[in-house]
Amino acid sequence: MNYYIHPTSLVDEGAQIGEGTKIWHFCHVMPKAILGEKCILGQNVFVGNHVKIGNKVKIQNNVSVYEGVECEDDVFIGPSVVFTNVINPRSFVERKSEFKNTLVKKGASIGANATIICGTTIGEFAFIGAGAVVSKDVANYAIVIGNPARHTGWMSEQGARLLFNEEGCATCKLSGEKYELKNGLVIKII
């Protein structure tokens, strides 16, 4: 094995686990789940069937990643984050055919105790504040907080707040990389 599974965890036969991935205490990975390379699953993480987890994704303790969720590379999911996959659940109504997909794009971070309502896309390097309830798509590099989540600013790939000048330009104070804000969207200038 070129990955680590703690003895208290259950990884069902058929699950695909990438090289260097670590699955810690009391996790359960379903048989049709795909986990990339060098991922970390903290204690008590559940990964459902057909979930796709990219490379170098960190999922902290007590997170259930249900069917319909896809996380691209370098995503951070904080402790006790909640993902949903049905808009109108009822225990007595079967709605598996109504699952709505959720996409968490490359480099995004989701803070502790945030709730991600199904059918949303979280943009590249977006930052979801702790406890936020996300019910709408989040733009690349956006910072959203609160319930319901609302846009409050922009963040660089390194995790520094971006302050745009009148020309719509900002520089990351951590990396020196430059960003442009145009028509409500942020792009990194290469």
A.B. asks: Write down the atom of I189, the atom of E180, and the distance for their closest heavy-atom approach.
C.D. replies: CD1-CB, 3.8 Å
A.B. asks: Please report the closest heavy-atom contact between V45 and Q60, naming both atoms and the distance.
C.D. replies: CG2-O, 3.4 Å
A.B. asks: Hey, what do you get for CD1 (I145) to NE2 (H151), rounding to the nearest 0.5 Å?
C.D. replies: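 Answer for the CD1-NE2 pair, I145 versus H151, is 10.5 Å.
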A.B. asks: Measure the spacing between CG of L162 and SG of C172 and express it to the nearest 0.5 Å.
C.D. replies: 6.5 Å
A.B. asks: Between NZ of K105 and CD of E72, what distance do you get to the nearest 0.5 Å?
C.D. replies: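 Spacing of NZ (K105) from CD (E72) equals 6.5 Å.
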A.B. asks: I'd like to check P148 versus V133 (side-chain heavy atoms, cut-off strictly below 4.5 Å). Are they in contact?
C.D. replies: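 They are not in side-chain contact.
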A.B. asks: Do the side-chain N and O atoms of E37 and Y3 include a donor-acceptor pair separated by under 3.5 angstrom?
C.D. replies: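 Distance-only check fails for E37 and Y3.
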A.B. asks: Would you say that V51 contacts I34 through its side chain, given a criterion of any heavy-atom pair below 4.5 Å between the two side chains?
C.D. replies: no
A.B. asks: So do V29 and I5 actually touch side chain to side chain, heavy atoms under 4.5 Å?
C.D. replies: no
A.B. asks: Shared ILVMFWY cluster between L103 and I117, side chains joined below 4.5 angstrom?
C.D. replies: no
A.B. asks: Check this for me, if you would: do E19 and K38 make a salt bridge, where the nitrogen-to-carboxylate-oxygen distance has to be below 4.0 angstrom?
C.D. replies: no
A.B. asks: Can you tell me if E177 and S175 form a side-chain donor-acceptor pair at under 3.5 Å?
C.D. replies: yes
A.B. asks: Going by atom types only, do N61 and N44 share a side-chain donor-acceptor pair under 3.5 Å?
C.D. replies: no
A.B. asks: Can you classify the ring geometry of W24 versus Y4 as parallel (below 30°), tilted (30 to 60°) or perpendicular (above 60°)?
C.D. replies: tilted
A.B. asks: Give a yes or no on whether Y141 and V138 share a hydrophobic cluster (residues Ile, Leu, Val, Met, Phe, Trp, Tyr; joining criterion: side-chain heavy atoms under 4.5 Å apart).
C.D. replies: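 Y141 and V138: separate clusters.
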A.B. asks: Do W154 and F127 belong to the same hydrophobic cluster, where Ile, Leu, Val, Met, Phe, Trp and Tyr are linked whenever their side-chain heavy atoms lie under 4.5 Å apart, directly or via other members?
C.D. replies: no
A.B. asks: So I17 and I23, side-chain contact (heavy atoms from CB on, under 4.5 Å) or not? Walk me through it.
C.D. replies: CA-CA 10 Å; I17 311 297; I23 300 171; 4.0 Å; yes
A.B. asks: Answer yes if I122 and V57 sit in the same cluster of Ile, Leu, Val, Met, Phe, Trp and Tyr residues linked by side chain heavy atoms under 4.5 Å apart, and no otherwise.
C.D. replies: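 Yes.
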A.B. asks: Does some side-chain heavy atom of F46 sit less than 4.5 Å from a side-chain heavy atom of V65?
C.D. replies: no
A.B. asks: I'd like to know if the side chain of D137 and the backbone of T120 have a donor-acceptor N/O pair within less than 3.5 Å.
C.D. replies: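 Side chain of D137 to backbone of T120, a donor-acceptor pair under 3.5 Å: no, none is there.
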A.B. asks: Kindly indicate, with the supporting measurements, whether the criterion side-chain contact (heavy atoms from CB on, under 4.5 Å) is fulfilled by K188 and F125.
C.D. replies: CA-CA 11 Å; K188 186 167 80 167; F125 302 100; over 6 Å; no
A.B. asks: Do you know the tightest heavy-atom contact between L174 and G159?
C.D. replies: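 Taking L174 first and G159 second, the nearest heavy atoms are CD1-C, 4.3 Å.
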A.B. asks: N85 side chain to F99 main-chain N or O, any donor-acceptor pair under 3.5 Å?
C.D. replies: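 No; judged by distance alone, with no hydrogens or angles, the pair does not exist.
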A.B. asks: Under 4.5 Å between side-chain heavy atoms, counting indirect links through other Ile/Leu/Val/Met/Phe/Trp/Tyr residues: same cluster for F76 and V69 or not?
C.D. replies: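 Per the 4.5 Å side-chain linkage, F76 and V69 are not co-clustered.
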A.B. asks: What are the two closest non-hydrogen atoms of D12 and M30, and how far apart are they?
C.D. replies: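 Closest approach of D12 to M30, heavy atoms only: OD2-CA, 3.5 Å.
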A.B. asks: Distance check, rounded to the nearest 0.5 Å: I53 atom CD1 versus L35 atom CG?
C.D. replies: 5.5 Å
A.B. asks: Quick check: F83 with Y66 (ring centres under 6.0 Å apart)?
C.D. replies: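 No, too far apart.
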A.B. asks: Could you tell me which non-hydrogen atom of T102 sits nearest to which non-hydrogen atom of G119, and how far apart they are?
C.D. replies: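 Shortest heavy-atom separation between T102 and G119 comes out as OG1-N, 3.4 Å.
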A.B. asks: Find the distance between CG (N140) and CD1 (I187) and round it off to the nearest 0.5 Å.
C.D. replies: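 Output value for this atom pair is 10.5 Å.
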A.B. asks: Verify, without hydrogens or angle tests, whether R95 (side chain) and N88 (backbone) share a donor-acceptor contact under 3.5 angstrom.
C.D. replies: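 Yes, the answer is positive, given that a donor and an acceptor are paired below the 3.5 Å cut-off.
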A.B. asks: Any salt bridge between D74 and K106, counting N to O under 4.0 Å?
C.D. replies: yes
A.B. asks: Spell out, as yes or no, whether a donor-acceptor pair under 3.5 Å connects the side chain of H50 to the backbone of K52.
C.D. replies: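 No, the answer is negative, given that no donor and acceptor are paired below the 3.5 Å cut-off.
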A.B. asks: Side-chain contact, heavy-atom cut-off 4.5 Å: K56 with D73?
C.D. replies: no
A.B. asks: Take I77 and C71 through the test side-chain contact (heavy atoms from CB on, under 4.5 Å) and record every step on the way to the result.
C.D. replies: CA-CA 9 Å; I77 301 172; C71 297; 3.7 Å; yes
A.B. asks: Is it true that a side-chain atom of T8 and a backbone atom of F26 form a donor plus acceptor pair closer than 3.5 Å?
C.D. replies: yes
A.B. asks: Is any side-chain heavy atom of S109 less than 4.5 Å from a side-chain heavy atom of V75?
C.D. replies: no
A.B. asks: For a 4.5 angstrom cut-off between non-hydrogen side-chain atoms, does E157 reach Y179?
C.D. replies: yes
A.B. asks: Before giving the answer on side-chain contact (heavy atoms from CB on, under 4.5 Å), spell out for I143 and R161 the whole-Å C-alpha distance, their side-chain angles and the decisive distance to 0.1 Å.
C.D. replies: CA-CA 9 Å; I143 300 170; R161 185 175 282 274; 3.9 Å; yes
A.B. asks: Can you tell me how far apart CZ (R150) and NZ (K136) are? Round to the nearest 0.5 Å.
C.D. replies: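 Between R150 CZ and K136 NZ, I get 12.5 Å after rounding to 0.5 Å.
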A.B. asks: For C27 versus S9, what's the shortest heavy-atom pair and its separation?
C.D. replies: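 Heavy atoms of C27 and S9 come nearest at N-OG, 2.9 Å.
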A.B. asks: May I ask you to decide if G36's main-chain N or O and T21's side chain share a donor-acceptor pair within less than 3.5 Å?
C.D. replies: yes
